[in-house]
Protein chains: 2
Amino acid sequence: MARVTIKDIARISGYSKTTVSFAFNDPSRIGRDTREKILRIADELGYIPDPVARNLSLRRHGTIGLLLPEVISFAFYNPYLSQIVQGIGEVCERENHSLTLIPPIRESLMEGIRRAAVDGLITIGLEPGMEAVEFIQRRHLPFVAIDGRVGGGFPVVGIDDFTAAGTVMRHVLDLGHRRIAIVAFGREPKLSTGSHVKSQRLSGYREALEGVDPELPDEVTYVYAAPSLDGGRQAARTLLDGRERPTAIVAMSDILAVGIIDALQGAGISVPDDISVVGFDDIPEASLVRPQLTTVSQPGYEKGRHAADSLMSLIADQESPGHIVLHAELVVRASSAAPDTVSSNSR
Amino acid sequence: MARVTIKDIARISGYSKTTVSFAFNDPSRIGRDTREKILRIADELGYIPDPVARNLSLRRHGTIGLLLPEVISFAFYNPYLSQIVQGIGEVCERENHSLTLIPPIRESLMEGIRRAAVDGLITIGLEPGMEAVEFIQRRHLPFVAIDGRVGGGFPVVGIDDFTAAGTVMRHVLDLGHRRIAIVAFGREPKLSTGSHVKSQRLSGYREALEGVDPELPDEVTYVYAAPSLDGGRQAARTLLDGRERPTAIVAMSDILAVGIIDALQGAGISVPDDISVVGFDDIPEASLVRPQLTTVSQPGYEKGRHAADSLMSLIADQESPGHIVLHAELVVRASSAAPDTVSSNSR
DNA sequence: TTGTACGCGTTATCAG
DNA sequence: CTGATAACGCGTACAA
């Protein structure tokens with residue numbers, strides 16, 4: 001049997017489409033008998049209104065989109081994304097919305113934005129001036145950016161990455177480390193490119209380094225890695241193969257730090273006795289691994305929740321809810337310690 | 001400025017809607033000059049076709065839905081779901097689809113299914129006879145079930161949970177453990193209720209126990225926990241507070257096992273010296289924690305990938321691709337060992 | 001209280 | 001060969 005449409009119900013019941021629609025959506029507009037008759041027929045035929053046609057009429061979709069900077073199969077290697085999704089999810093459930101994950105197509109966000117049948121978008125790391133931003137605005141889609149740069153006429157939810165990065169780097173420096181490696185995510189080896197978050201954190205690291213010694217930023221080893229466990233493992237191997245081993249590794253995200261620790265331990269290196277490792281994010285895994293990870297706690301769940309809240313009010317009011325800067329703080333655990341003064345770990 | 005529709009382009013260019021649409025979707029049907037003129041005007045006005053109207057016409061949505069058994073904010077506490085999502089994502093990206101996460105609304109899947117504007121659904125743990133299944137079928141939505149029960153006329157992707165559970169339990173028994181606790185997920189304390197996966201695993205555990213001693217299944221302590229780190233931690237505390245401590249804890253999922261180990265270590269109990277802990281799933285975290293977790297490796301990523309592949313062929317062919325049973329195997333790591341024969345850990 | 005007509009993009013079918 | 005008409009699916013402003 002083919003799909004049952006409102007037209008079928010109208011034809012069989014003898015009423016018009018309008019009346020059938022009212023029977024479901026605005027019962028007070030029609031007579032009780034009329035309604036009962038229509039509902040009975042609809043039930044018998046198993047009528048379910050086509051959601052797409054419904055959405056088209058209502059100009060509501062009951063879905064918000066999450067525009068991912070990476071393909072789904074890769075993005076979820078980082079539990080940090082799970083936390084953001086959870087926070088968004090809390091709001092979705094409150095508002096009875098679903099959540100559409102929109103991956104880039106052929107390395108571009110455009111096509112995903114073009115085809116998104118959603119009430120609004122949450123983006124990760126989108127910045128003023130990017131082509132994707134213009135495109136979203138041309139579609140008149142309400143949107144909120146997580147981890148973006150302020151100043152493009154859209155609300156941004158984030159933390160002060162510059163300050164947070166400085167805090168964790170100063171912790172490492174205060175412990176006495178000077179041979180330091182920074183493991184950044186992304187593929188670009190240049191400071192000036194890449195996301196706002198990345199450049200902010202790098203700048204924060206460098207400022208802390210300069211505070212100790214103006215030449216220190218240039219003595220630091222930089223390694224770039226994909227934000228996943230394996231990315232961290234590879235970064236660790238790269239560092240171990242290097243000429244001079246660092247006494248501390250500062251990773252730009254926890255998933256990298258955890259992968260680094262795993263690889264170091266696999267190579268028989270003790271953390272933090274031989275090498276200290278610190279991260280960024282404070283994902284749940286940070287306190288599960290041994291040694292527990294020293295890191296900067298930034299609230300991924302809260303970022304998602306606030307972004308979704310802002311988006312909902314944007315959708316409802318058309319009024320911009322303003323930027324939100326969430327709190328981040330250093331969490332000192334067991335993966336960082338003073339460097340071994342005997343320097344037994346250099347080769 | 002208001003949204004630009006195809007009608008505006010038609011009006012301004014002087015052609016009909018049809019001709020404008022052909023300019024984008026079937027250029028061979030109209031003259032070159034006509035096309036160029038239309039495209040120029042559309043570009044100037046920033047015309048983007050409404051995706052919903054487009055989907056309605058095309059009867060394609062470019063999205064598949066993942067029907068979650070739990071609200072998003074809770075479901076993603078378990079990294080196992082991330083793996084499934086990644087696997088689905090791989091196919092989505094290949095097919096240029098997005099992925100819509102559909103949480104239950106007011107503890108019911110119905111409303112989510114009713115409103116899902118998707119090409120098809122992947123469900124987790126749905127079984128023949130459930131109201132939700134009928135509903136999906138009434139909507140003529142193609143769908144594939146992950147971790148479901150075979151026999152409802154829809155394809156199922158899973159593993160042999162009964163055998164896999166038996167394998168890990170026999171490993172524990174072979175080590176010599178007899179005082180065993182089983183930590184199951186879900187709230188139902190009865191064997192007969194809950195999901196197929198849960199009952200299969202419980203049955204597998206019990207059969208292995210019976211193989212050693214017919215009375216053993218009834219001497220086992222059962223604890224029920226939410227499938228999250230905290231669920232595992234709470235379960236561990238419940239067990240520690242119990243009259244007689246187990247020498248081995250068999251958890252129905254890794255996230256539970258990892259939480260259990262965390263709580264045990266927090267209480268000063270050594271794993272596996274004092275208590276052995278085994279899990280189920282082999283999530284990435286299983287090999288990160290110390291001691292590394294003994295578990296059953298089941299391919300969450302592959303489940304997602306196969307389910308999405310099957311769904312895509314179901315959408316394309318309307319032909320059922322058949323069930324898929326993936327391989328699972330025992331992975332012995334460091335969290336399981338023979339019980340301390342001096343029995344120093346009972347109180 | 002109920003029906004007509006419109007909005008949205010695509011395309012089968014028809015007209016020139 | 002080129003282009004227009006009408007139908008699909010639903011909700012609802014407006015008319016009757």
Side-chain angles (χ1 to χ4, degrees), chain A residues 1-39 41-42 45-63 111 114-119 138-141, chain B residues 2-39 41-42 45-63 114-119 138-141:
Chain A
M1 62 206 155
R3 272 182 52 262
V4 180
T5 74
I6 197 172
K7 214 178 153 185
D8 297 317
I9 309 299
R11 186 170 38 76
I12 292 170
S13 69
Y15 294 98
S16 72
K17 282 200 316 180
T18 312
T19 308
V20 175
S21 182
F22 282 151
F24 292 98
N25 303 309
D26 196 355
S28 68
R29 298 268 318 253
I30 61 173
R32 181 181 309 272
D33 292 348
T34 309
R35 174 160 191 255
E36 274 176 19
K37 190 174 168 191
I38 289 171
L39 290 185
I41 292 172
L45 298 185
Y47 168 65
I48 300 173
D50 182 316
V52 183
R54 201 160 196 275
N55 293 345
L56 180 62
S57 278
L58 292 173
R59 239 159 227 93
R60 285 189 317 105
H61 313 94
T63 309
E111 201 51 31
R114 175 189 286 275
R115 302 194 316 201
V118 299
D119 290 320
R138 197 193 299 173
R139 271 206 55 195
H140 301 277
L141 271 179
Chain B
R3 268 182 55 262
V4 180
T5 72
I6 196 172
K7 212 179 158 187
D8 298 317
I9 310 298
R11 183 171 40 76
I12 292 171
S13 68
Y15 293 98
S16 71
K17 283 200 310 179
T18 310
T19 309
V20 175
S21 181
F22 282 152
F24 292 98
N25 303 309
D26 196 355
S28 67
R29 296 275 314 257
I30 60 175
R32 182 180 307 270
D33 293 348
T34 310
R35 173 159 191 255
E36 274 174 20
K37 190 175 168 192
I38 289 172
L39 290 185
I41 293 173
L45 298 185
Y47 169 65
I48 300 173
D50 182 316
V52 182
R54 198 157 198 275
N55 293 344
L56 179 63
S57 280
L58 293 173
R59 239 157 229 95
R60 284 188 317 103
H61 312 92
T63 309
R114 174 189 289 273
R115 303 195 316 203
V118 298
D119 290 321
R138 198 193 297 175
R139 272 207 55 196
H140 302 275
L141 270 180

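Chain naming here is simple, since letters A, B, ... match the order of the sequence lines and numbering starts at 1 in each.
The separation between Asp33(A) atom CG and dT1(C) atom C1' is 13 Å, rounded to whole Å. Rounded to whole angstrom, the span from the CG atom of Asp8(B) across to the P atom of dC8(C) amounts to 8 Å. Protein atom CD1 of Ile9(B) is 12 Å distant from nucleotide atom P of dT10(C), rounded to whole Å. Going from atom CZ of Arg115(A) over to atom P of dT10(C) covers 13 Å, rounded to whole Å. As a whole-Å value, the separation of Ile38(B) CD1 from dG3(D) C1' is 10 Å. Between the P atom of dC10(D) and the CZ atom of Arg60(A) lies a distance of 16 Å, rounded to the nearest Å. Atom CZ of Arg139(B) and atom P of dC10(D) are 11 Å apart (whole Å).
Not a single donor-acceptor pair, N or O on each side, falls under 3.5 Å between the base of dG3(C) and the side chain of Lys17(A).
Of all the heavy atoms in Ala116(B) and Pro51(A), the pair that sits closest is O-CG, 3.7 Å. Minimum heavy-atom separation, Thr63(B) to Ala117(B): CB-O, 4.4 Å. The nearest pair of heavy atoms linking Tyr47(B) to Val4(B) is CD1-O, 3.4 Å. Shown here for Arg35(B) and Ala23(B), the closest heavy-atom pair between the two residues is NE-O, 2.9 Å. Here the closest heavy-atom approach between residue Val52(A) and residue His61(B) is recorded as CG2-NE2, 3.0 Å.
At a threshold of 4.0 angstrom between heavy atoms, the contacts of Thr19(A) are confined to the sugar-phosphate backbone, with no base atom among them. Note on Thr5(B): only backbone sugar-phosphate atoms sit closer than 4.0 angstrom, heavy atoms only; bases stay farther off.
Rounding to the nearest 0.5 Å gives a distance of 13.0 Å between OG1 of Thr19(B) and CD1 of Ile9(B). Atoms CG and CD1, on Leu45(B) and Ile12(B) in that order, are 4.5 Å from each other to the nearest 0.5 Å.
Asp50(B) has its side chain out of reach of Thr5(B): every pair of non-hydrogen atoms, C-beta onward, lies at least 4.5 Å apart.
For Arg138(B) (side chain) and Ile48(A) (main-chain N/O), no donor-acceptor pair under 3.5 Å exists by modelled atom type.
Within the structure, side-chain hydrogen bond (donor to acceptor under 3.5 Å, both in side chains) pairs that include any residue of residues 23-33 of chain A comprise Ser21(A)-Asn25(A), Asn25(A)-Arg54(A), Asp26(A)-Ser28(A) (at least two apart or interchain).
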Within the sub-3.5 Å range, which N or O atoms of nucleotides 12-15 of chain C have a protein N or O partner, and how far apart are they?
from, atom 1, to, atom 2, distance (Å)
dT13(C), O4, Arg29(B), NH2, 3.2

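Listed by residue number, Leu56(A), Ser57(A) are the residues of residues 45-57 of chain A with a heavy-atom contact under 4.0 Å to DNA chain C.
Look at Thr34(B) and you'll find a side-chain N or O under 4.0 angstrom from OP1 or OP2 of dG3(D). Between Lys7(B) and dG9(C) there is no side-chain polar atom (N or O) within less than 4.0 angstrom of OP1 or OP2.
In this structure, the salt bridge (Lys or Arg N to Asp or Glu O under 4.0 Å) partners of Arg114(B), at least two apart in sequence or on a different chain, are Glu111(B). Every residue meeting the side chain to side chain contact (heavy atoms under 4.5 Å, CB included) condition with Ser13(A), not counting sequence neighbours, appears here in chain and number order: Tyr15(A), Val20(A), Ile38(A), Ile41(A).
Inter-axis angle, ends of the helix from dT1(C)-dA16(D) to dG16(C)-dC1(D), five pairs per end, rounded to 10 degrees: 60°.
For the pair Ser16(B) and Arg59(B), both in contact range of DNA chain D, the more 5′-proximal nearest nucleotide belongs to Ser16(B).
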